[in-house]
Amino acid sequence: QVQLVESGGGLVQAGGSLRLSCAASTRTFTTYTMAWFRQAPGKEREFVGTIIRLGGKTTYAESVKGRFTIARDNVQNTMYLQMDTLKPEDTALYYCAAENSLGTLTRESEYTYWGQGTQVTVSS
């Protein structure tokens with residue numbers, strides 16, 4: 001069982017930056033592929049990006065590529081999402097997810113563990 005807690009959300013103006021964190025309560029953090037998803041009001045949850053368990057490979061949705069960066073600290077059992085050049089369309093509830101896996105996972109159905117989410121609001 002893994003518990004995930006997101007933090008770092010807030011209100012920011014367009015063009016600004018935020019860094020989200022996802023703290024995982026597990027002693028085997030390095031066995032988990034980690035990901036960020038987001039859900040805007042009235043829309044389905046969508047993939048943002050993922051990082052494999054040893055942190056060597058990241059994959060991003062096209063909508064955030066070049067603006068968002070995922071990293072993980074396998075000592076602190078924490079994953080990060082650095083969001084730069086934010087746009088109003090990035091406004092959403094951001095979730096972190098974890099799955100015990102070797103590979104890159106980009107679909108919501110592939111993840112077993114989820115956090116409660118942290119709200120990001122980007123004003124124009």
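Throughout, numbering of the chain's residues begins at 1 and tracks the sequence.
- Here the side chain of N74 pairs no donor or acceptor atom with the backbone of F29 at under 3.5 angstrom.
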Between side-chain atoms of residues 40-51 and protein atoms elsewhere (two or more places apart, or another chain), which donor-acceptor pairs fall under 3.5 Å?
unit_1: R45; atom_1: NE; unit_2: E108; atom_2: OE2; d: 3.1
unit_1: R45; atom_1: NH2; unit_2: E108; atom_2: OE2; d: 2.8
unit_1: E46; atom_1: OE2; unit_2: R38; atom_2: NE; d: 2.6
unit_1: E46; atom_1: OE2; unit_2: R38; atom_2: NH2; d: 3.1
unit_1: T50; atom_1: OG1; unit_2: M34; atom_2: O; d: 2.7
unit_1: T50; atom_1: OG1; unit_2: Y111; atom_2: OH; d: 3.1

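- The distance from the OG atom of S101 to the CD1 atom of I52 is 9.5 Å, given to the nearest 0.5 Å.
- Residues meeting the side chain to side chain contact (heavy atoms under 4.5 Å, CB included) test with R27, sequence neighbours left out: none.
- For the residue pair Y95 and Q39, the shortest heavy atom distance occurs at OH-OE1, 4.0 Å.
- F68 is connected to L20 through a chain of hydrophobic side-chain contacts under 4.5 Å among Ile, Leu, Val, Met, Phe, Trp and Tyr, so both are in one cluster.
- The side-chain heavy atoms of T30 and T28, taken from C-beta on, include no pair separated by under 4.5 Å.
- Listed for the D73 side chain is no donor-acceptor partner under 3.5 Å among the backbone atoms of Y80.
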Show, in sequence, the C-alpha distance, side-chain angles and deciding distance for L4 and V2, and conclude whether the side chain to side chain contact (heavy atoms under 4.5 Å, CB included) test is met.
CA-CA 6 Å; L4 303 172; V2 179; 3.7 Å; yes
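- Of all heavy-atom pairs between R67 and T85, the closest is NH1-O, 2.9 Å.
- Hydrophobic clustering places M79 together with M83 (ILVMFWY residues linked when any side-chain heavy atoms are closer than 4.5 Å, directly or through intermediates).
- When atom types are taken as modelled, the side chain of E99 and the backbone of T112 share a donor-acceptor pair closer than 3.5 angstrom.
- Contact record, S124 with A14: CA-CB, 4.3 Å, taken as the closest heavy-atom pair.
- Taken to the nearest 0.5 Å, the SG atom of C22 stands 9.5 Å off from the CZ atom of R72.
- Other residues, nucleotides and ligands contribute over 12 non-hydrogen atoms within 6.0 Å of the CD atom of Q82.
- Looking at Q119 and T91, their side chains come closer than 4.5 Å, going by heavy atoms from C-beta outward.
- With hydrogens and angles disregarded, a donor-acceptor distance shorter than 3.5 Å links the side chain of T33 to the backbone of G103.
- Remark: the S123 side chain and the Q13 side chain contain no N/O donor-acceptor pair separated by less than 3.5 Å.
- Counted within 6.0 Å of CD on E89, heavy atoms from surrounding residues, nucleotides or ligands total more than 12; the atom is thus considered enclosed.
- Listed for the T78 side chain is a donor-acceptor partner under 3.5 Å among the backbone atoms of Q76.
- The line from OG of S21 to CG of L81 is 9.5 Å long, rounded to the nearest 0.5 Å.
- Checked by atom type, the side-chain pair D84/S17 shows a donor-acceptor distance below 3.5 Å.
- A donor-acceptor pair is defined here as one N or O able to donate and one able to accept, closer than 3.5 Å; such a pair exists between the side chain of E6 and the backbone of Q116.
- One hydrophobic cluster holds both I70 and Y94 under the rule that ILVMFWY side chains link at heavy-atom gaps under 4.5 Å.
- Partners of V12 under the side chain to side chain contact (heavy atoms under 4.5 Å, CB included) rule, at least two apart in sequence or in another chain, are L18, L86, V122.
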